[in-house]
Amino acid sequence: MADLAESWTTQQLVEFLSLVSSFPDEQSAIAGAVERAAEALEAEVGAVVSDGRLLASTGFSANNVQVELLSAAAEGAVTSIEVPGAGVCEVISVALEEGMPARLVLARAGEAFDRQEANLLRGMARVLTLALHALHVLSEERALRARSEEQALENAGLLATLKQRQALLERLSEIQRSIVQRAELADVLDAVVTGAAEFLGLDAVGLRLLDAGDEEWTVLVACRGMDAERFQVGSRAHIGDGVGGRALIAERLVVVQHPDAGSVPGLAKRGLHGAMAAPIFENGKAVGALAAGSRSADRVYSTADETVLLAFAEHASLALTDAKNYGAALHRAFHDMLTELPNRALFLDRLEHATQRALRTGPKPAVLFIDLDGFKRANDSLGHGGGDELLIEVGRRLCECLRPGDTAARWGGDEFAVLLEDIDEATTATTVAKRVMSSLHTPFRIHNRDISISVSVGIATLGETGEELVHNADFAMYRAKGHGTGGCELFDPAMHAAQVDRRRLEADMGRAIERHEFELDYQPIVDLHTRAVVAVEALVRWRHPDRGRLLPAAFIPVAEETGLIRAIGSQVLQQACMQGAAWQECHHSVFPLAVSVNMSVDQLHHPELVDEVALELDRSGLDPASLIMEITETALMQELERGVLARLRQLGVQIAVDDFGTGYSSLHYLQRFPIDILKIDKSFVDDVAEPDQPALARAIIDLGQSLSLRVIAEGMEHVAQVLRLAELGCQWGQGYYFSRPQSARELDALLAVIGVEGWAPIAPVKAAA
Amino acid sequence: MQDLTVNGADGRNRWLAVGHSSERDAGRAGESAAAQALIGEDPRLLLVFCSQSYDLEELLGAINARSGSAPLIGCSTAGEIAAGGPGDAGVVVTALGGTGFDVHTAAAESASEDLRAAGAEVGLCASSLNGHPHRALVLLTDGLAGDQQEIVRGAYGVVGASVPLVGGCAGDDLEMRATHQLHNDRVLSDAVVGAAVSSEAPLGIGVRHGWRRVGEPVVVTCSSHNRVYTLNDRPAVDVYFEHLDPPATARSDAPAFTRFALTHPLGLSGRSGEDHVRFVGEANFEDRSLGFIAEVPQGALAWFMEGDEASVLEATSAACTDALAALEGQPPLGLIAFDCIARRGILGDAGISTEVSRIASSAGGAPVAGFYTYGEIARTRGQSGFHNQTLVVLAVG
């Protein structure tokens with residue numbers, strides 16, 4: 001995470017810059033700087049020491065500051081010091097200004113300072129020096145103004161110089177502000193060169209940086225007053241050329257006064273009689289130089305000139321370092337760290353721009369949503385690092401399938417998204433999707449193993465906004481996944497309509513439960529031998545206020561997905577028990593009429609189911625033996641249900657397996673689970689009367705008999721089926737032959753007419769729609 | 001009702017005990033809690049954490065009457081902690097006594113005029129400490145008075161690395177109007193009170209937060225002091241929503257946002273990659289900027305953070321372990337916890353009971369006291385000592 005550390009370093013320096021320029025006087029600036037530097041580097045001790053004099057310190061208790069110890073640390077006589085309360089602390093010391101005695105010292109317990117921290121501290125020292133110069137100038141100026149005008153006139157020359165220095169500092173703070181506000185780097189460097197030329201009063205100033213492509217060369221990035229024919233921004237020079245080259249290689253200030261100009265090749269050729277140059281650093285590495293020269297032989301470079309040049313070079317370093325780290329930080333914020341692909345945020349940003357552009361120019365963007373179907377399995381088998389490699393490789397292949405202007409992004413986990421710009425028609429997007437699929441279906445070589453994955457792709461070309469496009473592509477992807485792995489689906493508004501419809505249904509369902517819109521129809525179950533009505537199966541219907549009466553297929557899947565099935569199931573159970581008890585009360589027979597209720601797996605999982613059933617039986621007065629609970633075969637697959645079923649059975653309730661023969665039940669489950677009844681699915685009943693067909697139905701009936709289970713045949717429509725199944729030994733049956741499901745009131749009337757004793761004449765009832 | 005008090009005396013020349021009362025009458029509550037805490041001779045310091053629903057003058061009067069005016073510091077809270085469990089609208093009194101402790105207290109008023117000077121003024125009381133080898137400066141401050149790090153800087157400027165700093169910002173049951181600090185017989189506001197303690201036995205400090213980073217980092221691209229305008233060059237509120245996906249109500253309703261933000265702070269990356277947690281106080285839904293309780297510098301690399309009960313409780317255990325480590329295996333006389341109110345927000349009422357029982361079980365039967373704070377102070381290394389959304393535990397050996 002070296003780049004994170006660099007970004008942090010720059011941030012500290014920029015903060016430090018604004019802090020030290022806010023102090024009103026030198027003393028408070030030094031004290032504030034010491035404290036902030038120590039805080040930034042988590043040092044217990046900080047101080048500025050000059051020639052054995054302590055200018056400010058922090059870390060020792062106020063009445064016990066160890067000046068000599070700090071002095072020794074500042075001069076490098078010791079590398080660690082003992083600090084009360086903190087123990088042995090490692091020391092770092094940097095000069096505030098080259099060649100001057102004042103030094104900034106920090107001491108930290110536990111951990112020595114690294115190179116990056118040393119660079120940061122040097123940067124801070126430099127910034128502090130600049131601020132101190134500014135404050136010094138201000139205080140001198142204040143003193144001057146306090147004198148009489150006459151005296152001031154005598155000092156006119158000095159005053160002018162001071163004013164110029166004040167202007168210099170203002171210029172430098174302008175540059176600082178533009179760095180903090182993240183102005184364009186080229187503009188900041190240009191301001192550095194302009195400022196240096198102006199304040200040094202020199203003829204030619206240039207700023208060169210190493211050529212990123214070839215570090216043997218430098219490129220001129222900003223200049224003032226240079227021979228325009230030969231020196232333009234962008235022109236290259238060898239790394240060691242000129243005074244700037246020397247400063248870059250030596251990593252220090254280089255000054256060539258007039259008489260020595262001949263020692264630097266090229267200086268005279270440029271018409272310069274002397275020059276100086278200061279190195280420029282980026283994260284502590286020398287990457288360029290700021291050079292300035294004069295065409296006058298009389299120009300002598302003073303220490304003040306050197307300070308000015310160094311100050312401008314320092315600001316160029318700060319700007320470069322900040323720009324680089326800021327760029328890196330931005331890159332991290334917008335890219336997936338693993339695959340280096342744009343992340344979701346950047347993808348959405350580009351998508352938004354693309355949709356905006358499409359509004360103006362016409363061709364629209366398309367979005368592909370890609371999900372790796374077998375990634376989890378591959379990841380488990382490859383181990384974590386292998387899974388990462390696979391994702392990286394997927395990202396690489398994705399990019400290969402795209403045009404340069406398109407964007408592939410990692411959406412998260414094993415999902416990727418692709419933005420195709422300017423797509424003229426949906427088929428183009430489909431072509432790209434197929435190319436992507438074909439590329440990703442080619443096995444990957446990871447850790448010397450061939451790994452195959454398949455992908456599901458959703459494509460969306462329709463959508464007003466980026467968000468809508470993503471949503472539609474995601475939706476299409478789930479559709480593709482729903483059709484099995486390795487599929488590709490183009491979003492179609494009908495899909496959306498279906499989804500909207502479904503959402504509405506979900507919303508309505510909640511309300512329907514509150515308003516008791518669910519009601520029951522009952523289908524008689526008849527003893528095939530006596531023709532007596534022995535039971536009724538309760539079937540739920542939804543009396544929807546707008547859509548009319550809905551059959552279970554229209555809403556049960558949604559109810560199961562949303563979990564509302566439990567609430568609906570409770571209402572069904574309650575109604576069925578009440579109705580069953582009422583019928584037992586008014587239609588007496590030798591065999592009490594039973595009521596059969598369907599249970600979803602979800603209901604079976606509800607911890608309070610058994611209590612609820614007991615409560616409803618109790619409340620309705622229905623004999624537990626008269627309640628049949630129908631479960632599906634899949635419910636038999638789970639161990640959990642066995643306990644629930646056993647407890648229901650302890651209540652006296654009968655358990656029936658619905659749609660038997662269509663699922664996965666095995667003999668094993670039938671033996672292990674507490675079951676009373678098997679219901680033969682209609683598909684086995686349909687052709688039972690055909691010659692040589694009843695094998696499966698017969699097998700189920702035989703199975704039931706051998707396990708002492710009662711068998712009910714469902715979906716009986718013809719007398720031939722009734723006769724054949726009765727012959728095979730099936731005891732009970734239900735179907736349109738006897739009666740369609742009907743309301744309690746209708747069935748009540750029917751029972752009153754035929755009695756529970758049964759349909760005397762065998763008169764097939766027509767199947768109603 | 002009076003809660004059971006554990007006698008923390010270790011039979012040597014130091015003792016510590018905690019008393020707790022939730023009686024509604026200030027006089028009776030103070031008297032009762034002080035009576036439970038004052039189990040030994042020669043009380044050296046009373047720490048009082050109380051609800052500000054009490055008449056604080058009356059409360060102090062009753063405590064001082066019982067203690068014979070032993071040195072006292074204290075503050076109002078956003079909930080009190082005692083071994084029996086967390087509570088509101090009550091008072092918790094901790095007493096330290098015996099010749100094995102030396103204590104000097106101080107108070108600085110009108111702190112907000114110069115927070116740094118206030119910190120320094122209170123820090124001066126440490127210079128009177130005798131020769132006991134182990135020291136700490138307990139600071140209780142007004143968290144609503146401004147940048148608390150300035151108070152820490154002021155105190156550090158006086159005591160340096162020689163005395164660890166520990167403490168918290170007073171609360172006012174989340175009314176956010178005014179908090180109170182207590183010093184001897186005085187009820188103060190906008191003040192810093194402190195107690196410099198030296199002891200024959202070690203004093204350990206543990207600091208942990210228990211937040212974890214969510215998703216990818218963001219860059220603070222435009223900020224000014226406590227206000228963040230853009231993250232990744234986009235409106236800060238929008239980026240916050242995208243990363244953390246708050247419920248719909250929190251997207252437009254200010255109180256709902258603050259409730260959500262309580263458990264979703266921002267972490268600024270520090271020198272060693274550790275996060276300095278910054279609490280998001282409010283969102284401006286008009287200009288889409290975020291307001292923080294402390295400064296968030298422009299250019300900073302930051303992470304959104306979240307916590308849940310498990311991570312917060314893990315931090316509780318770790319802070320206790322860290323604090324106890326300094327005692328080198330000796331059992332503590334007692335533990336004092338400065339626990340951020342935001343952590344209470346995550347844990348809920350059941351969770352804070354679990355938390356307090358964790359602290360109590362770390363204490364191994366020794367008394368536990370503390371309060372829910374508006375900010376925590378702990379400086380054991382480096383110079384920065386002000387924390388947000390953190391648990392600070394002081395183990396008294």
Side-chain angles (χ1 to χ4, degrees), chain A residues 1 4-5 7-12 14-15 18 31-32 35-36 38-46 57-65 83-87 89 107-111 117 120 179-182 322 325-326 328-330 332-337 343-346 348-349 412, chain B residues 116 120 123-124 126-129 133-137 149-150 152-165 215-224 231-234 238-239 242-243 268-274 295 297-303 379-386:
Chain A
M1 296 294 268
L4 279 188
S7 162
W8 175 83
T9 302
T10 319
Q11 181 202 323
Q12 294 300 322
V14 171
E15 270 181 53
S18 46
E35 191 173 79
R36 194 54 74 95
E39 272 179 25
L41 293 173
E42 288 172 16
E44 280 78 7
V45 170
S57 83
T58 171
F60 286 98
S61 58
N63 52 10
N64 185 30
V65 182
V83 178
C89 293
R108 183 166 76 195
E111 207 183 333
E117 290 173 326
L120 172 59
I179 295 171
V180 173
Q181 289 161 2
R182 305 242 149 71
D322 181 60
N325 295 337
Y326 182 67
L330 272 187
R332 273 194 306 282
F334 286 116
H335 288 79
D336 171 46
M337 305 258 200
N343 62 14
R344 186 190 292 222
L346 179 56
L348 288 173
D349 188 52
Chain B
R116 191 189 180 93
L124 276 175
S127 58
S128 312
L129 288 175
H134 305 284
R135 298 168 165 208
L137 176 60
Q149 179 62 29
E150 276 294 297
V152 175
R153 285 189 186 119
Y156 189 80
V158 172
V159 302
S162 64
V163 183
L165 307 176
E216 319 218 3
V218 291
V219 181
V220 180
T221 41
C222 179
S223 73
S224 171
L231 295 164
N232 292 346
D233 281 328
R234 297 185 43 240
D238 297 347
V239 177
E242 278 164 26
H243 275 70
L268 300 177
S269 97
R271 181 185 73 89
S272 39
E274 283 170 18
E295 189 182 8
Q298 183 166 304
L301 192 64
W303 269 266
R379 192 220 65 82
T380 51
R381 51 162 311 177
Q383 301 203 350
S384 307
F386 183 66

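Because only heavy atoms are used, hydrogens play no part in the values below, and waters and symmetry mates are left out as well, while side chains stay in. Lettering of chains follows the sequences in order, A, B, ..., and the numbering in each one begins at 1.
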- CZ-CD distance between B/Arg116 and A/Glu35, expressed to the nearest 0.5 angstrom: 4.0 Å
- Under 4.5 Å to a heavy atom of chain B? For A/Val45 that would be backbone
- Note on the structure: Answer key: most heavy-atom pairs under 4.5 Å with chain B among A/Gly59, A/Ala86, A/Ala109 is A/Gly59
- Message: Among residues at least two apart in sequence or on other chains, which ones pass ring pair (Phe, Tyr, Trp, His ring centres under 6.0 Å) with B/His134?
- Response: none
- Locate the shortest heavy-atom distance separating B/Leu137 from B/Gly123; write the atom from each residue and the value. CD2-CA, 3.8 Å
- Note on the structure: Given A/Ser61, A/Ser57, A/Gly85, the one with more heavy-atom pairs under 4.5 angstrom with chain B than any other is A/Ser61
- Task: Check side-chain contact (heavy atoms from CB on, under 4.5 Å) between B/Ser384 and all other residues, then give those that pass, not counting sequence neighbours.
- Result: A/Glu39, B/Gln149
